[in-house]
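Below is one structure; the comments refer to it alone.
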Amino acid sequence: MSNKLLQPDGWLVLGLPWPEQAQDGWGECALAIAPQTSPRRLVSKEAGTALDLAGGLAREPGDGPGKAVFFSDVTLWLDKQGKSWGALGIDHEAVIDELVKAQVPQLYMTLSRKAHAILCDASREGLRLHYAGGDVEHVTPQVRADVHAAVATILERDWPVHIQDLVDRGAIQIK
């Protein structure tokens, strides 16, 4: 089996709506796709562009977020380039919906509510979390980097097992 399928260069991680049935502040709220191993013929040109941008950011040693590229990272990167999804003619919400439904290998992830908020944040100044007791936490670039590292660690551990299971069950055909 291709090593790239089991251990891709990186993942695009999509934030899903926070589940109503979350437990103790944790919920299945993210979906990971390996851009490098997702056949572009199975997705639209717009979704392919999102996968290509995420794949490029995952391989960017200095400026990239690491192997786990959040959709919000791509949005922030576009903003730094003076661009937006709309300027590219891409409806980003439609692309996310399409990728969630795409017939490509995917892995659903359970994250904490805080990690989910950070995953979904594409603000220039960084997220501010407001807690019930009145405390406010400004999410620093280091906290965001820590969430990236944690998500990458989860994917490096769980992705190969998941993909091997799909192959063993015949859900994925290897040529």
Side-chain angles (χ1 to χ4, degrees), residues 4 8-22 26-130 138-141 143-152 154-155 158-159 162:
K4 290 289 183 191
D9 289 341
W11 295 272
L12 173 59
V13 184
L14 307 170
L16 305 175
W18 184 256
E20 290 182 25
Q21 308 232 346
W26 291 82
E28 189 175 87
C29 60
L31 177 73
I33 299 172
Q36 184 179 9
T37 61
S38 297
R40 297 307 185 264
R41 63 182 162 66
L42 298 177
V43 298
S44 68
K45 178 182 173 191
E46 294 79 9
T49 297
L51 291 169
D52 291 342
L53 290 170
L57 281 175
R59 292 185 302 275
E60 186 63 39
D63 293 333
K67 291 180 76 171
V69 177
F70 304 162
F71 195 88
S72 62
D73 294 324
V74 182
T75 302
L76 285 165
W77 181 84
L78 286 170
D79 183 64
K80 286 179 185 173
Q81 309 308 310
K83 298 182 172 133
S84 67
W85 291 110
L88 297 177
I90 296 174
D91 177 343
H92 70 281
E93 291 178 2
V95 164
I96 291 170
D97 289 342
E98 178 185 347
L99 290 172
V100 168
K101 296 171 187 165
Q103 297 296 309
V104 298
Q106 305 172 339
L107 180 65
Y108 283 87
M109 301 180 70
T110 299
L111 301 175
S112 70
R113 184 179 278 284
K114 180 178 177 178
H116 177 257
I118 293 168
L119 164 71
C120 296
D121 177 48
S123 66
R124 292 178 186 154
E125 63 282 344
L127 183 65
R128 292 192 188 281
L129 300 170
H130 296 264
H138 181 245
V139 175
T140 64
V143 171
R144 188 173 174 95
D146 292 346
V147 172
H148 276 102
V151 170
I154 292 166
L155 287 166
D158 295 350
W159 184 268
H162 175 64

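Numbers here are sequence positions counted from 1. Heavy atoms only: backbone and side chains are in, while hydrogens, waters and symmetry mates are out. The structure presented is a predicted model; accordingly, all values stated were derived computationally and were not measured.
Looking at Leu42, Thr37, Val43 one by one, the single match for side-chain contact (heavy atoms from CB on, under 4.5 Å) with Pro39 turns out to be Leu42.
Of all heavy-atom pairs between Ala47 and Val95, the closest is CA-CG1, 3.9 Å. Closest non-hydrogen pair, Leu155 versus Ala32, comes out as CD2-CB, 3.5 Å. Closest approach of Ala58 to Gly10, counting heavy atoms only: CB-CA, 3.9 Å. Residues Ala50 and Leu12 come closest through the heavy atom pair O-CD2, 4.4 Å. Closest non-hydrogen pair, Pro65 versus Leu57, comes out as CD-O, 3.9 Å. Among all heavy-atom pairs drawn from Ala152 and Ala68, the shortest one is N-CB, 3.8 Å.
Between the side chain of Ser72 and the backbone N or O of Leu119 there is at least one donor-acceptor pair closer than 3.5 Å. A donor-acceptor pair is defined here as one N or O able to donate and one able to accept, closer than 3.5 Å; such a pair exists between the side chain of Glu98 and the backbone of Ser44. Checking side-chain atoms of Arg113 against main-chain N and O of Trp26 turns up no donor-acceptor pair under 3.5 Å. In this structure, the side chain of Gln106 engages the main chain of Val100 through a donor-acceptor pair within 3.5 Å. Side-chain atoms of His116 come within 3.5 Å of backbone N or O of Leu16 as a donor-acceptor pair.
In this structure, the side chains of Val147 and Val139 stay at 4.5 Å or more apart for every pair of heavy atoms. Annotation: side chain of Asp73 is in contact with side chain of His148 (closest heavy-atom distance under 4.5 Å). Counting heavy atoms from C-beta on, the side chains of Leu51 and Arg40 come closer than 4.5 Å. Side-chain contact check for Leu31 versus Leu107: every heavy-atom pair is 4.5 Å or farther apart. At a threshold of 4.5 Å between non-hydrogen side-chain atoms, the residues His130 and Arg128 count as touching. For the pair Ser84/Leu78, no side-chain contact is recorded, criterion being any heavy-atom separation below 4.5 Å from C-beta on. At least one side-chain heavy atom of Val151 sits less than 4.5 Å from a side-chain heavy atom of Met109.
A distance of 4.5 Å separates OG1 of Thr49 from CD1 of Ile90, quoted to the nearest 0.5 Å. Between Leu99 atom CG and Ser38 atom OG the span is 8.0 Å, to the nearest 0.5 Å. Rounding to the nearest 0.5 Å gives a distance of 9.5 Å between CG of Leu53 and CD of Gln81.
Within a 6.0 Å radius of CD in Gln103, other residues, nucleotides and ligands contribute 12 heavy atoms or fewer.
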- Message: If you apply the rule side chain to side chain contact (heavy atoms under 4.5 Å, CB included), what do you find for Asp79 with Arg124, and how did you get there?
- Response: CA-CA 9 Å; Asp79 183 64; Arg124 292 178 186 154; 2.7 Å; yes
- Task: Start with the C-alpha gap between Cys29 and Leu111, add the side-chain angles, then the distance that decides, and say whether side chain to side chain contact (heavy atoms under 4.5 Å, CB included) holds.
- Result: CA-CA 7 Å; Cys29 60; Leu111 301 175; 3.7 Å; yes
- Could you go through the side chain to side chain contact (heavy atoms under 4.5 Å, CB included) check for Arg144 and Phe70 one step at a time? CA-CA 11 Å; Arg144 188 173 174 95; Phe70 304 162; 4.0 Å; yes
- Message: I'd like to know whether Asp121 forms a side chain to side chain contact (heavy atoms under 4.5 Å, CB included) with Ile118, so could you lay out the CA-CA distance, the side-chain angles of the two residues, the decisive distance to 0.1 Å, and finally the verdict.
- Response: CA-CA 5 Å; Asp121 177 48; Ile118 293 168; 5.6 Å; no
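Salt bridge annotation for Asp9-Lys67: absent, with no cationic side-chain nitrogen under 4.0 angstrom from a carboxylate oxygen.
Between Trp159 and Trp11, the ring-plane angle classifies as perpendicular under the 30° and 60° cut-offs.
You'll find the ring centres of Trp85 and Phe71 inside the 6.0 Å limit.
Legend: residues meeting side chain to side chain contact (heavy atoms under 4.5 Å, CB included) with Asp97, ordered by chain and number and at least two apart, are absent.
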